[in-house]
Amino acid sequence: MIRKVATLLVTLVVLSLGQMPLSYAAAKGPVIVIHINGEIDQGQVALVNRALSGAKEKGAGTVLVEIDTFGGLVDSAVKIRDMISDSSLDTICYIKNRAWSAGALIALAHKHIAIAPGGSIGAAEPIPATEKTVAALKAEFAATANKTGRNPLVAEAMVDKSLGFPGYAKPGEILALTDYQAVQLSYADLVASDRNTVLSHYGLDKTEQVEYREELADKMAGWFSNPVIKTILLAVIFFTFFAEVKTAGTGVAAMAGLVAMLILFASQWMTGVGGWLEILLFLGGFLLISVELFVPGFGFFGVAGAGCILVSIFLILGGNQAALAILLAGFVIALIAFLLLLKKLPSSRLWKSLVLKDSETTGAGFVSGQNYEAYLGKTGVAVTLLRPAGTVDIEGFYFDAVSEGKYIEPGSRIKVVNVTGNKIVVRLVESNQ
């Protein structure tokens, strides 16, 4: 009997907590207020990602999103929906005027919705309204509504006008709910004239508020996250790599490519796509390529490093089919541009002004450089690693030389086996010789 009474009391306490305002049930720390206005795009994704990261740092317990939008990019809305839906915080959406199309999907991801007088939510038919796009978006809406305890049939009618919803929209009409209709269908908890009224309803009127609005950095991150811009950045990265190889590592092209790489990674990081894995892969690839330059690895370190960097770029772009398309498009554009440059540059005015046109021929009184045939057969010491080129010391003089094919370690004894003009070829002298 006592156990039954105790169980009943615990059940009543749990139920009562479920009905309590957020300030008593779970709220803690400040309320994070996020302003989403205008078209939904990647800049708004960066804003929400930054705000939710700030919420963790400040120990917030509640996020309130004030939204007023006609819609925007579905891809961006899905990313925001996922961030809000996956958040462990209490989430409130305050629809100030309207949450249409992509904005409706974001609103449905919240645990609580409040709407301003005269506000509306819905009207989410995709453009173009093909069978595929309607089916995909309808599923997203229905799943989101179901997860937050709302009638998924209402959400489906917001996307697919062929469905309608009895009493609110006839078949052939897209569903959009007004303020009072949203309350009737439990798509809003209340109609509130301002934010303070919303916070008061949930017992948060005396809680500190920290506001986040879209800033220039968010807009820039959104702009650089545009698929076209990402393709251009990748084309720059690949082009500078080709140029660096062609110019034998002058470093100028490498710096330009590094800047493009940093912009790509930073923009994706700010929109919540990139993580530490991508950065570690990129740094690991860079380290492996650096090792290849100084340690003989027969190309293994270089290939592995390039592979790590390519994988990091693929993942930072999203790691999906769209990412692969952007990666391939950037590579093709860079390759075409590089080949055109190689073809056109020698005949351009710039190239002609930089290149010496006069030949230093024997007939004009010029002679070739010093001939090193006198050193044929002589022995010396490798000053640097010969892989195969390097520096050798022969009778106290330093010369540029190449090995006969085998890498020669610094300090090893060498012998000059061939001389062609000023080109010296050396061979490792074995210890038993």
Side-chain angles (χ1 to χ4, degrees), residues 237-259 261 283-309 338 341-342 345-346 350-433:
I237 293 169
F238 286 125
F239 180 85
T240 53
F241 173 78
F242 296 150
E244 189 68 16
V245 172
K246 180 65 177 177
T247 56
T250 61
V252 177
M255 288 301 298
L258 184 60
V259 170
M261 183 75 78
L283 293 177
F286 185 80
L287 180 62
L288 287 171
I289 292 176
S290 300
V291 169
E292 179 67 30
L293 295 176
F294 299 101
V295 179
F298 302 98
F300 171 77
F301 294 115
V303 172
C308 286
I309 290 176
F338 183 70
L341 182 66
L342 289 180
L345 187 59
L350 175 62
W351 182 262
K352 291 178 180 178
S353 65
L354 294 175
V355 176
L356 181 65
K357 303 181 187 65
D358 298 326
S359 300
E360 297 179 346
T361 61
T362 304
F366 293 97
V367 295
S368 62
Q370 183 177 355
N371 192 306
Y372 297 130
E373 289 185 1
Y375 293 96
L376 183 62
K378 293 185 178 294
T379 60
V381 178
V383 177
T384 65
L385 172 68
L386 274 69
R387 51 185 307 267
T391 304
V392 297
D393 179 356
I394 304 175
E395 298 182 344
F397 294 97
Y398 284 6
F399 299 94
D400 291 330
V402 294
S403 72
E404 202 172 27
K406 184 177 180 181
Y407 284 173
I408 301 178
E409 297 290 337
S412 303
R413 290 193 58 77
I414 54 91
K415 180 179 181 180
V416 179
V417 294
N418 188 20
V419 175
T420 305
N422 59 359
K423 179 182 177 182
I424 297 176
V425 181
V426 300
R427 177 188 300 164
L428 176 68
V429 176
E430 303 296 342
S431 58
N432 58 354
Q433 294 182 6

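The shown structure was predicted, so the numbers you read here are calculated from the model rather than taken from an experiment.
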Out of curiosity, Ile414 CD1 to Ile394 CD1, how far, rounded to the nearest 0.5 Å? 4.5 Å
Any idea which heavy atoms bring Ala401 and Val392 closest together, and the distance? CB-CG2, 3.8 Å
Testing the basics here: between Arg427 and Ile408, what is the closest heavy-atom pair and its distance to 0.1 Å? C-CD1, 4.2 Å
Enter the distance from Lys423:NZ to Asp400:CG here, rounded to the nearest 0.5 Å. 12.5 Å
Nearest 0.5 Å please: distance from the CG atom of Leu428 over to the CZ atom of Arg413. 10.5 Å
Passes side-chain contact (heavy atoms from CB on, under 4.5 Å), Lys415 versus Val426? Steps please. CA-CA 5 Å; Lys415 180 179 181 180; Val426 300; over 6 Å; no
Let's go through Phe397 and Tyr375 carefully: what are the C-alpha distance in whole Å and the side-chain angles of both, what is the deciding distance for ring-ring contact (aromatic ring centres under 6.0 Å, His included) to 0.1 Å, and is it a yes or a no? CA-CA 11 Å; Phe397 294 97; Tyr375 293 96; 7.1 Å; no
Quick one: CD on Glu373 to OG1 on Thr420, what's the gap to the nearest 0.5 Å? 8.0 Å
Tell me if a side-chain donor or acceptor on Thr384 pairs with a main-chain N or O of Thr391 at a distance below 3.5 Å. yes
Of all heavy-atom pairs between Ile237 and Thr240, which one has the smallest distance, and what is that distance? O-OG1, 2.8 Å
